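Shown next, in structure tokens, is the structure this report addresses.
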Amino acid sequence: MFSLARLSCFVAVAEELHFGRAAERLHMTQPPLSRQIQQLESELGVQLIDRTTRTVTLTPAGVAFLPDARRILQLAEGAAQTVKRIPEGDLGTVVVGFTAASAHVVLPRLLSAAREKLPDVKLDLREMVTAVQLDGLMSGELDLGMARPPVKRPGLVSRPLLHEQLIAALPEEHPLAGLNRQLTLNDLDGQDVIMYSPIQARYFNELLISTFTIAGASPRYVQYVTQVHTMLVLVRTGIGIALVPASAATLHPDNVVFRTIGAFRERPVELDAVWRGDSSNPALHRLLRDVLPQREWTTDNLVEDVLS
């Protein structure tokens with residue numbers, strides 16, 4: 001099989017139609033250039049170039065072969081450049097796990113920043129609850145997780161990614177929706193509240209139970225669900241009130257009113273970026289360095305816009 005070096009010699013002669021200029025272009029002398037062409041013709045079993053003392057022309061076979069020779073050289077050069085970019089993290093794939101609630105604010109920011117700074121890194125997205133994400137990181141199925149703390153698996157590293165408020169989502173006709181003041185946790189005492197599942201949404205379940213306990217409020221839990229968008233559907237149908245991350249307000253559900261809650265611990269909802277400390281994926285490390293924020297995001301401006 002012919003070598004890339006011989007293809008380069010043929011393309012140079014075919015484009016220059018002069019052995020002297022082609023040799024100069026390739027930084028070699030004419031005798032070895034002629035030998036490379038002869039060896040290529042021998043390997044292909046066909047004459048590519050007509051040589052006379054005065055002219056150099058391509059044979060019909062040479063004319064037909066020239067586009068393919070150029071394409072092969074371009075592909076080889078492109079492959080070499082691609083391989084060089086992978087260790088730098090400029091090119092590659094990062095498999096990212098995310099929770100459904102984080103998709104409203106964090107995912108758009110992540111994708112936008114990645115497109116701008118690492119356009120040739122592909123993000124392969126997988127929607128998973130936190131526990132499944134941690135399993136995926138441990139097994140190598142995921143490169144990066146966007147999960148709820150705490151992260152206590154050996155070998156996993158995390159850093160804060162997002163802090164946001166919890167806000168109340170109420171049916172439009174609910175009496176509390178029409179109050180001309182900020183809600184308090186005590187307003188929810190005895191109210192029908194849609195609660196997070198203690199298994200699939202354990203983080204939010206424990207957060208709300210501890211919050212209500214500290215406040216001395218005892219709402220009635222009328223349904224247990226896992227996903228925020230399901231909660232908003234139930235709120236819209238009038239089943240009860242839900243406490244949701246502020247980013248959920250970006251969904252703009254019909255017949256649902258959002259209200260902030262006073263005397264609430266500031267931005268209690270946390271989301272961490274999580275990855276294996278021993279990961280060898282260069283694209284992941286570029287993402288962590290150049291795309292993910294060094295200081296966590298918040299949704300404070302979003303809350304002001306939505307609730308104003």
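Please read all numbers here as calculations on a predicted model, not as lab measurements.
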Side chain Ser279, main chain Arg276, donor-acceptor under 3.5 Å: no
Are Leu44 and Val63 grouped together when hydrophobic residues (ILVMFWY) are joined by side-chain heavy atoms under 4.5 angstrom apart? yes
Side-chain heavy-atom pair Leu271, Glu164 within 4.5 angstrom cut-off: no
Which distance, rounded to the nearest 0.5 Å, do you find between the CD1 of Ile37 and the CZ of Phe19? 5.5 Å
With a 4.5 Å heavy-atom cut-off, do Leu179 and Arg259 have their side chains touching? no
Taking Gln191 for its side chain and Ile241 for its backbone only, find out whether a donor-acceptor pair lies under 3.5 Å. no
Enumerate the salt bridge (charged side-chain N to carboxylate O under 4.0 Å, His left out) contacts for residues 170-182, please, sequence neighbours excluded, ordered by first and then second residue. Arg181-Asp187
Is the side chain of Asn205 donor-acceptor paired with the backbone N or O of Ile199 at a distance under 3.5 Å, no angle test? no
With heavy-atom distances below 4.5 Å as the criterion, would you say the side chains of Leu166 and Thr211 are in contact? no
My understanding is that only residues two or more places apart in sequence, or in another chain, count here; which of them pass salt bridge (charged side-chain N to carboxylate O under 4.0 Å, His left out) with Asp135? Arg153
Where do Ile194 and Val222 land on the side chain to side chain contact (heavy atoms under 4.5 Å, CB included) test, with the steps shown first? CA-CA 6 Å; Ile194 303 159; Val222 293; 4.3 Å; yes
Sorted by first residue and then second, give each ring pair (Phe, Tyr, Trp, His ring centres under 6.0 Å) pair with at least one member in residues 172-218; sequence neighbours left out. Tyr196-Phe204
Can you name the salt bridge (charged side-chain N to carboxylate O under 4.0 Å, His left out) partners of Asp254, sequence neighbours left out? none
Is the backbone N or O of Arg148 less than 3.5 Å from a side-chain atom of Asp272, with the two atoms forming a donor-acceptor pair by type? no
Considering non-hydrogen atoms only, spot the tightest contact between Leu33 and Ala23 and give its length. CD2-N, 3.5 Å
Should Arg289 and Lys117 count as side-chain neighbours, where that means a heavy-atom distance under 4.5 Å? no
Among the clusters formed by ILVMFWY side chains lying less than 4.5 Å apart, do Leu234 and Val256 turn up in the same one? yes
Quick one: salt bridge (charged side-chain N to carboxylate O under 4.0 Å, His left out) pairs with a partner in residues 191-200, sequence neighbours left out? Asp192-Arg220
With sequence neighbours excluded, tell me which residues meet salt bridge (charged side-chain N to carboxylate O under 4.0 Å, His left out) with Glu16. Arg21, Arg25
Pairs involving residues 213-251, ordered by first then second residue, that meet ring pair (Phe, Tyr, Trp, His ring centres under 6.0 Å) (sequence neighbours left out): none
Within the structure provided, determine whether Phe258 and Val244 are in side-chain contact (heavy-atom separation under 4.5 Å). yes
Not counting sequence neighbours, list each pair that qualifies as a salt bridge (charged side-chain N to carboxylate O under 4.0 Å, His left out) and has a residue in residues 231-244. none
Starting from Val257, walk the hydrophobic network (Ile, Leu, Val, Met, Phe, Trp, Tyr; side-chain heavy atoms closer than 4.5 Å) and list everyone else you reach, by chain and number. none
Just so I know, are the side chains of Pro268 and Leu207 near enough to count as touching, which here means a heavy-atom distance under 4.5 Å? yes
Go through it in stages, so that I can follow the logic: the residues are Leu162 and Met146, the test is side chain to side chain contact (heavy atoms under 4.5 Å, CB included), and I'd like the CA-CA distance, side-chain angles, deciding distance and then a yes or no. CA-CA 9 Å; Leu162 174 73; Met146 292 188 289; over 6 Å; no
Say whether Met231 and Ile239 are linked into one hydrophobic cluster, either directly or through other cluster members, by side-chain heavy-atom distances under 4.5 angstrom. yes
With side chains defined as the heavy atoms from C-beta onward, is the minimum distance between Leu287 and Leu123 less than 4.5 Å? yes
With sequence neighbours excluded, give me every side-chain hydrogen bond (donor to acceptor under 3.5 Å, both in side chains) pair touching residues 28-47. Arg6-Gln36, Arg6-Gln39, Arg6-Glu43, Glu41-Arg51, Gln47-Asp50
Side-chain heavy-atom pair Thr59, Val46 within 4.5 angstrom cut-off: no
Could you walk me through whether Leu188 and Leu243 pass the side chain to side chain contact (heavy atoms under 4.5 Å, CB included) check? CA-CA 10 Å; Leu188 304 183; Leu243 295 186; 4.0 Å; yes
Side-chain donor or acceptor of Ser112 paired with backbone N/O of Pro108 under 3.5 Å: no
Between Val233 and Val228, is there shared hydrophobic-cluster membership here, with clusters defined by ILVMFWY side-chain heavy atoms closer than 4.5 Å? no
Between Val11 and Ala69, which heavy-atom pair has the shortest distance, and what is it? CG2-CB, 3.8 Å
Students should find that the hydrophobic cluster of Val274, defined by side-chain heavy atoms under 4.5 Å apart, otherwise consists of Val95, Met128, Val129, Val132, Leu134, Leu137, Met138, Leu142, Val151, Leu156
Apply side chain to side chain contact (heavy atoms under 4.5 Å, CB included) to residues Leu288 and Leu144 and explain how you reach the verdict. CA-CA 9 Å; Leu288 292 171; Leu144 176 68; 4.1 Å; yes
Partner residues of Arg126 under the salt bridge (charged side-chain N to carboxylate O under 4.0 Å, His left out) criterion, sequence neighbours left out: Asp124, Glu141
Single hit among Leu125, Leu284, Asp143 for side-chain contact (heavy atoms from CB on, under 4.5 Å) with Val96: Leu125
Looking only at heavy atoms, what is the nearest atom pair of Ser8 and Leu73, with distance? OG-CD2, 3.5 Å
